[in-house]
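Note on naming: letters A, B, ... go to the chains in the order of the sequence lines (proteins, then strands), and numbering restarts at 1 for each one. It should be emphasised that the depicted structure is a prediction, and the values quoted were computed from it without experimental measurement.
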There are 2 protein chains.
Amino acid sequence: MDSLTEENYIKSIYSLSQATGEVFVSELAKKLNIKQPSVNSMMKRLATKKVVAYAPYKGIRLTEKGKKEALSIIRRHRLAELFLVKVMELGWEEVHDIAEQLEHVDSKRFYSRMDEMLNFPKFDPHGEPIPDSNGKIHTQKRTSLSDLAEGLTATIAAVAEDEKSFLDHLNAKGLQIGDAVTLKKREPFDGSVTLRHKSKKEILLTHQVAERIWVE
Amino acid sequence: MDSLTEENYIKSIYSLSQATGEVFVSELAKKLNIKQPSVNSMMKRLATKKVVAYAPYKGIRLTEKGKKEALSIIRRHRLAELFLVKVMELGWEEVHDIAEQLEHVDSKRFYSRMDEMLNFPKFDPHGEPIPDSNGKIHTQKRTSLSDLAEGLTATIAAVAEDEKSFLDHLNAKGLQIGDAVTLKKREPFDGSVTLRHKSKKEILLTHQVAERIWVE
DNA sequence: TTAATTTGTTAGAACAGTCTAACTTTTTAA
DNA sequence: TTAAAAAGTTAGACTGTTCTAACAAATTAA
Ligand SMILES: [Mn+2]
Ligand SMILES: [Mn+2]
Ligand SMILES: [Mn+2]
Ligand SMILES: [Mn+2]
């Protein structure tokens, strides 16, 4: 169907267009580390394949077909991540890079067995929802830890990033999905927050980190 | 290091050159379903990469570096096949195609976890030896079922092919690795053999099938 | 509202990997 | 030992994916 390269474009278009429904060539180029003219010519190609709707100088948007393909890739990625954590006992910080490769494996059986073994899971190791095999995905409105009111307690539901360096940082701070945290203090100057955590220790996070943690 | 395409060439060169130490462009072209000129230009490329030794009109042979790479790919392929059978409970007939993709996954961790989970296995689901992480491989001399003397009993140790259609055929006949079979009769006309098997049934195999079954 | 900046496009090149057509070398068989 | 067949090579082309250089459009700021 699509090449690995095309799949990676589709996935990025999906995630970058979440908010407004469209992405710009410049954003995609930055995300994929590819120059703008390359993105431009790929958009022409994906447009002829009816995966994106694209008019010169206008934003890029996925067609229904494109959305379906994006969700299918995201499903494979997240199922793979969870499989790597739950079945293969890898750390949540090391699975993303492997899943980037596994998501391109073309085999219904491989993924349906994962799904069965994991008992049809709803969330990946980073708290992100796993689209079902029909492409349905649970999108809940989320509160960032950087917006939690002082004094309130909440549970870490997900992280907005699954890059190793970020998760290594959370590991070092001792934070995991499911942990309850109480927001003790927010510094008005730089937005950094101090948390109370089950570890009994106080944890200090910069704004940059706190805003990537979703709580509920 | 190498592209997926290069890895596939290297793997094929390794298996086709097993017997004599070299392969010819025509053999490689047939195996890979690629035209001879394409193989020719790839050989030039692999030669500059010091993966093969290649002189015009001479056979192709892997360098030490090339052999090491081949064994590493074969290791990944066979580990993946066994993982798919033992951990993911797929059938031995459906794992080869998936392993053809998984073998190209670039992740030491992924494979070392498989190795651990499988307890450092020595053979894949088709009875083929799995090279160790240093590239050492157990090569035993094998007897083909088509050469077994009449009246003798032997154990199925491996199959020479792991294509789905062949294994589906063995499944239909009820044959598996580890099964004891007694050679009741060999037809001189076409080399087909009749076996006695634990299933109590007599099994008839054509020469074409029997010669792909290794016994010991 | 003009000028600077940012964003996007076109043109043209390059590399990986493949092909067909045409030619050469080697092997096989008459 | 020559002629036919098989195997291998070269030349040239094409697709996919990417790049740089140059230019055009849209946006932002003076
Ligand atoms: Mn991920
Ligand atoms: Mn994730
Ligand atoms: Mn195989
Ligand atoms: Mn095998």
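Taking side-chain N and O atoms only, A:Tyr54 has no distance below 4.0 Å to OP1 or OP2 of C:dG8. Between A:Ser26 and the phosphate of C:dG8, there is a side-chain N or O to OP1/OP2 separation shorter than 4.0 Å. Between B:Tyr9 and C:dT18 there is a side-chain polar atom (N or O) within less than 4.0 angstrom of OP1 or OP2. Between A:Asn40 and the phosphate of C:dT9, there is a side-chain N or O to OP1/OP2 separation shorter than 4.0 Å.
Base engagement by A:Ser38 is indicated by at least one non-hydrogen atom pair under 4.0 Å involving a base atom. If you check every strand for non-hydrogen atoms under 4.0 Å, A:Lys44 touches sugar and phosphate atoms only. Nucleic acid contact class of A:Pro56 (heavy atoms, under 4.0 Å, all strands): sugar-phosphate only. At the heavy-atom level, A:Ser41 lies under 4.0 Å from base atoms of the strands shown.
Rounding to whole angstrom units, CD of residue B:Glu22 and C1' of D:dA7 are separated by 14 Å. A:Ile34 has its CD1 atom 18 Å from the P atom of C:dT7, to the nearest Å. Atom NZ in A:Lys35 sits roughly 18 Å away from atom C1' in C:dT10 (whole-Å rounding). B:Leu28 has its CG atom 12 Å from the P atom of D:dT9, to the nearest Å. Straight-line distance from the CZ atom of A:Phe24 to the C1' atom of C:dT6: 13 Å, rounded to whole Å. Taking atom CD on A:Gln36 and atom P on C:dG8, their separation rounds to 6 Å, with Å as the unit. Atoms CE (A:Met42) and P (D:dC19) sit 11 Å apart, rounded to a whole Å. Rounded to an integer number of Å, the gap from CG of A:Asn8 to C1' of D:dG16 is 15 Å.
Judged purely by atom type and a 3.5 angstrom limit, B:Gln36 has no side-chain atom pairing as donor or acceptor with the backbone of B:Ala29. Formation of a donor-acceptor pair under 3.5 Å by the B:His126 side chain with backbone atoms of B:Trp92 is found in this model. The backbone N or O of B:Trp214 sits nowhere less than 3.5 Å from a side-chain atom of B:Arg142 that would complete a donor-acceptor pair.
Closest to the B:Pro37 side chain, of the nucleotides C:dT9, D:dG8, D:dA11, is D:dA11. Nearest to the side chain of A:Tyr57, among C:dG8, C:dT18, D:dT9, sits C:dG8.
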Criterion side-chain contact (heavy atoms from CB on, under 4.5 Å) on B:Lys11 and B:Glu100, from CA distance to verdict
CA-CA 11 Å; B:Lys11 200 165 44 124; B:Glu100 284 288 319; 3.0 Å; yes
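For A:Asn8 and A:His104, the side-chain atoms include at least one donor-acceptor pair closer than 3.5 Å.
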